[in-house]
Amino acid sequence: MTEKLKLIARSADDLSVISAVLQDSALRIDDMAWLPEAHRFAVVANRFRWEKVAKDAPRRKARGERVRAGLHFDGILRAQFRNLSLGDKQKVVELLAIDTKMGEDGAATIELVFAGGGTIRLEAECIEVVLQDLSDAWTALRTPSHAVD
């Protein structure tokens, strides 16, 4: 059994940690839900365990691990989608980062940035985010890599 991660974010700094942990997560369009009545945006993704790769640095030949993880944002007032094919529910997208801009009143704009230019912009009353691993880990098919400009 693997260690399961659980993180709570209540500030932009906290959310930057969650962003780093979720870098290169893979998910289907169908794995996201905007629940306006509950003021919640939820995601279930296959998270690459970068923290495990860092811990096992001398054994970099390994492909790494993935784990199923749940993420939810509470206090969400609006969700806007750009450059994502929402009709193709089985399409797999790769989360690159979560960016945060704080307002003067504690409100926040949270942007989920995907490979290929897709984004989800969340307007939030405040930052209230939970990330939790839901499954045991499995061997990843590959270690994610990115071209360097």
In this structure, would Phe114 and Leu15 fall into the same cluster of hydrophobic residues linked by side-chain contacts under 4.5 Å? yes
Closest heavy-atom contact between Ala9 and Ile18? CB-CD1, 3.7 Å
In this structure, CE of Met32 is separated from CG of Leu95 (nearest 0.5 Å) by 9.5 Å
Check for me, please, whether Leu96 and Ile29 land in the same ILVMFWY cluster - side-chain distances under 4.5 Å, paths through other members count. no
Identify the heavy atoms of Gly64 and Phe48 that sit nearest to each other, and give their distance. CA-CZ, 3.9 Å
Residue list, salt bridge (charged side-chain N to carboxylate O under 4.0 Å, His left out) with Arg78, at least two apart or on another chain: none
For Ser11 against Ile127, the heavy-atom pair lying closest together: C-CD1, 3.5 Å
Testing the basics here: between Ala12 and Thr100, what is the closest heavy-atom pair and its distance to 0.1 Å? CB-CG2, 4.1 Å
Looking at Glu65 and Arg47, is any side-chain nitrogen of the basic one under 4.0 Å from a carboxylate oxygen of the acidic one? no
With a 3.5 Å distance limit and no angle check, can you tell me whether Asp105 reaches the backbone of Ala107 through a side-chain donor-acceptor pair? yes
Dump the intermediate steps for side-chain contact (heavy atoms from CB on, under 4.5 Å) on Arg49 and Glu3, then the final yes or no. CA-CA 11 Å; Arg49 295 182 70 208; Glu3 313 90 31; 3.3 Å; yes
Starting at CD of Glu128, measure out to CG of Asp14 and round the result to the nearest 0.5 Å. 10.0 Å
Can you measure from SG (Cys126) to CZ (Arg10) and round to the nearest 0.5 angstrom? 9.0 Å
Apply the test side-chain contact (heavy atoms from CB on, under 4.5 Å) to residues Glu94 and Asp24: give CA-CA distance (whole Å), side-chain angles for both, the deciding distance (0.1 Å), then the verdict. CA-CA 6 Å; Glu94 185 177 359; Asp24 298 313; 2.9 Å; yes
When clusters are formed by joining ILVMFWY residues with side-chain heavy atoms under 4.5 Å apart, either directly or through shared neighbours, do Val113 and Phe81 land in the same one? no
When you measure from the side chain of His39 to the backbone of Ile76, do you find a donor-acceptor pair of N or O atoms at a distance under 3.5 Å? yes
Ser16 OG to Ile98 CD1 distance, which is reported to the nearest 0.5 Å: 10.0 Å
Can you tell me which residue among Val17, Val21, Ile8, Val43 is in a side chain to side chain contact (heavy atoms under 4.5 Å, CB included) with Leu131? Val21
Would Ile110 and Leu77 show up in the same hydrophobic cluster when neighbours are defined by side-chain heavy atoms closer than 4.5 Å? no
I'd like to know if the side chain of Asp31 and the backbone of Leu27 have a donor-acceptor N/O pair within less than 3.5 Å. no
Any chance you could lay out the side-chain contact (heavy atoms from CB on, under 4.5 Å) test for Phe41 and Ile120, step after step, and finish with the verdict? CA-CA 10 Å; Phe41 187 82; Ile120 300 172; 3.8 Å; yes
Is there a side-chain contact between Leu71 and Leu22, using heavy atoms and a 4.5 Å cut-off? yes
Report yes or no: does Ser85 contribute a side-chain atom to a donor-acceptor pair with the main-chain N or O of Asp88 at less than 3.5 Å? no
Taking every non-hydrogen atom, the tightest pair across Val93 and Leu84: CG1-CD2, 4.2 Å
With sequence neighbours excluded, give me every side-chain hydrogen bond (donor to acceptor under 3.5 Å, both in side chains) pair touching residues 107-120. Thr109-Glu123
Non-hydrogen atoms of Lys6 and Val130 that approach each other most closely: CE-CG1, 4.2 Å
Can you tell me how far the CG atom of Leu86 sits from the NZ atom of Lys91, to the nearest 0.5 Å? 11.0 Å
Under the side-chain contact (heavy atoms from CB on, under 4.5 Å) criterion, do Asp30 and Gln90 qualify, and how do the steps go? CA-CA 6 Å; Asp30 202 25; Gln90 298 304 307; 4.2 Å; yes
Using atom types as modelled and distance alone, determine if a side-chain donor or acceptor of Arg66 lies under 3.5 Å from a backbone N or O of Asn46. yes
